[in-house]
A.B. asks: 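Dropping the structure in here first, questions after.
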Amino acid sequence: MILGKINSPKDLKNLTIKDLEQLCTEVRIALLNKLSTVGGHIGPNLGMVEMTVAMHKVFNSPIDKIVYDVSHQSYAHKMLTGRKHAFLNSNEYFSVSGYTNPDESEHDFFKVGHTSTSVSLACGLAKGRDLVGTKENIIAVIGDGSLSGGEAYEGLNNAAETGTNMIIVVNDNEMSIAENYGGLYKNLKLLRETKGKAECNFFKAMGLDYIYVEDGHSLESLISAFEKVKDTDKPIVVHVKTIKGKGYELAEKNKENWHYGMPFELETGERNFQFGDNYSELTGAYLLNKMKEDEKVAVITAGTPSVVAFNEDCRKEAGKQFIDVGIAEEHAVALASGMAKNGAKPIFAVYSTFIQRCYDQLSQDLCINNNPAVILVFGGGLTGFSDVTHLGYFDTQVVGNIPNMVYLAPTSKEEYFAMLDWAIDQNEHPVSIKVPSLGVIQTEMPLKNNFYDINRYIVTESGKDIAILALGDFYQLGEDVKADLKEKHGIDATLINPRFITGVDEQLLETLKENHKLVITLENSVLNGGFGEKITRYYGASDMKVINFGGKNEFTDRLTSEEIYENNHLNREQILEDIVQVFSK
């Protein structure tokens, strides 16, 4: 086994082409064995095997610095840089992250999970190199839809000005998560069709040198191309045509479904993990129906149609009312603002971890103009197993503190769809909804889809002494805490559904002063800059005691939900202990 002898890239230097081809086969087998067992990014990594082997054959990592974008296509790189144990030994499958991480290896230079950043980061490495006076190669590997993001263009624009060594490897697999959208990809198609010889060449127009590799799975072609550009004294693009999912027939035939996957049967492709009811599918079905009822309704995604379970059939059914802008969240928000201004009813569906990419557009393009676009934020909360680059902890801070924004936190399926109905129909504000992330909860609670009375909380169970403000999908935790207080301490607490993240119900908070000594807030997000701090600030000059329960302001990496709750005193027993301790003083 050749892979068993590879402990660093230097072990590739004396291997023959035949040896390297065998190595690629072994890497691909290891990938499939691991991915079928624990899941992960399947198609992107299968398509990167030969390119990764060729780069490490030619370049001298870590002296030569390789930056991956999106770094979910770096699994083969990890195997060749001392981390093969995490792919060969099932007991160590979770010992490395799914993205590049300098804490793991000197061959990784950045923790990167979001996209379109590699060229900018590489520009920084190149500038640092030139100022320090060293001579190493700087390589940015960008692909799998990354070129659709605005920062990629900013980086390319700057790269052309460097005038020194910078190698930009474009992994062109003709895909993002789903199909690619946008004018740039038409030019990439033209370049593929002409084998890089078309006169219309985006990269050359940017002032970059350019070479094309027709077969991104031919080691000889790749090694030859990389040897040509090694030690170049100017910025150059190596455009490589690859096949996403290469080597696994099911992934090659259905690239979208095999971009990322949960554990599966290797022989049949049958998934070993089934989700129950989920808000992505429920929302997608709702929105498709809404589009049929109203031709002004449109759904926007930023390269992630799965956020609302819009598969190819759904996208075709939606037609012009579905817009995928590529991996360009900033553009998506500004687009939504413009659509709303001109009478359309746009809904931008986005994962919490990506909403932070467009804070400026939320503030400047949307909220200053007070246009009634709808933002659906999925995956927000203190959820477990998230890589440090994909945390959903911070949407409350990003979205919940901008003037004119109404950020709603539903407690149940019924309340969520009531809020969504209202958000689409109203014309007064931009509205965001923090889609519950702790499962689909159904209640019999009667609801009206009228939320015009902004920042009005709902008292769902009246009591005294202690008031529990349980926000969004922590409402059920609030019910549990109320029950524990009653059963174990005889305290009949008031339970409140705040509904609004973005504001304070001053009238209700004043009323609580009459027969309450303590207010506690529960929120499924980071406390700093969050909902609870608004309540604490309101009561600051009064005698009311307040305890905020939520997450610490920190980056975590692949913690379980149990670990997160334990670390943040969010278990029922911990919450009860803290409440009683403060209340008894």
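Scope of the values below: all heavy atoms of this structure, side chains included, with no hydrogens, waters or symmetry mates.
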A.B. asks: Are Glu199 and Lys204 within salt-bridge range, i.e. N to O under 4.0 Å?
C.D. replies: no
A.B. asks: Could you walk me through whether Ile142 and Val169 pass side chain to side chain contact (heavy atoms under 4.5 Å, CB included), step by step?
C.D. replies: CA-CA 6 Å; Ile142 188 166; Val169 179; over 6 Å; no
A.B. asks: Do the side-chain N and O atoms of Thr16 and Asp19 include a donor-acceptor pair separated by under 3.5 angstrom?
C.D. replies: yes
A.B. asks: Check the orientation of Phe226 and Phe59. Use parallel for under 30°, tilted for 30 to 60°, and perpendicular for over 60°.
C.D. replies: tilted
A.B. asks: Is Lys189 reaching over with its side chain to a backbone N or O of Leu184, donor-acceptor style, under 3.5 angstrom?
C.D. replies: no
A.B. asks: Describe, in one word, how the ring planes of Phe310 and Phe322 are oriented to each other, choosing from parallel (under 30°), tilted (30 to 60°) and perpendicular (over 60°).
C.D. replies: tilted
A.B. asks: Looking only at the aromatic ring of each residue, does the gap between the centers of Tyr279 and Phe378 stay below 6.0 angstrom?
C.D. replies: no
A.B. asks: Is any side-chain N of the basic residue among Glu265 and Arg271 closer than 4.0 Å to the acidic one's carboxylate O?
C.D. replies: no
A.B. asks: Salt-bridged, Lys244 to Glu252, with N to O below 4.0 Å?
C.D. replies: no
A.B. asks: Examine the side chains of Asn165 and Arg129 and answer whether a donor and an acceptor come within less than 3.5 Å of each other.
C.D. replies: yes
A.B. asks: So, Tyr212 and Glu214: side-chain donor and acceptor under 3.5 Å apart, yes or no?
C.D. replies: yes
A.B. asks: Ignoring hydrogens and angles, tell me if any N or O in the side chain of Gln397 forms a donor-acceptor pair with the backbone of Asn528 under 3.5 Å.
C.D. replies: yes
A.B. asks: Does the pair Glu136/Lys65 count as a salt bridge with the N-to-O cut at 4.0 Å?
C.D. replies: yes
A.B. asks: When the ring centroid of Tyr99 is compared with that of His390, is the distance short of 6.0 Å?
C.D. replies: yes
A.B. asks: Checking side-chain polar atoms at under 3.5 Å, does Thr115 have a donor or acceptor matched by the opposite partner on Ser146?
C.D. replies: yes
A.B. asks: Go through the side-chain N and O atoms of Glu179 and Tyr181 and say whether any donor and acceptor fall under 3.5 Å apart.
C.D. replies: yes
A.B. asks: Any side-chain donor-acceptor pair under 3.5 Å between Glu151 and Ser120?
C.D. replies: yes
A.B. asks: Side chains of Asp108 and Thr100: donor-acceptor distance under 3.5 Å anywhere?
C.D. replies: no
A.B. asks: Taking 4.0 angstrom as the limit, do Asp557 and Lys111 come out as a salt bridge?
C.D. replies: no
A.B. asks: Can a donor-acceptor pair be found, under 3.5 Å and without considering hydrogens, that links the side chain of Asn254 to the backbone of Leu250?
C.D. replies: no
A.B. asks: Between Asp395 and Lys434, does at least one N-O distance fall below 4.0 Å, as a salt bridge requires?
C.D. replies: yes
A.B. asks: Are Asp172 and Lys241 ion-paired here, with the side-chain N under 4.0 Å from a carboxylate O?
C.D. replies: no
A.B. asks: State, without any angle test, whether Asp130 and Thr164 hold a side-chain donor-acceptor pair at a distance under 3.5 Å.
C.D. replies: yes
A.B. asks: Do the side chain of His41 and the main chain of Gly98 share a donor and acceptor less than 3.5 angstrom apart?
C.D. replies: no
A.B. asks: Do the side-chain N and O atoms of Glu256 and Asn311 include a donor-acceptor pair separated by under 3.5 angstrom?
C.D. replies: no
A.B. asks: For Asn173 and Asp144: C-alpha separation, side-chain torsions, deciding distance, then whether side-chain hydrogen bond (donor to acceptor under 3.5 Å, both in side chains) applies.
C.D. replies: CA-CA 6 Å; Asn173 60 20; Asp144 211 37; 3.0 Å; yes
A.B. asks: Do His56 and His77 pair up side chain to side chain, a donor and an acceptor below 3.5 Å, judged on atom types alone?
C.D. replies: yes
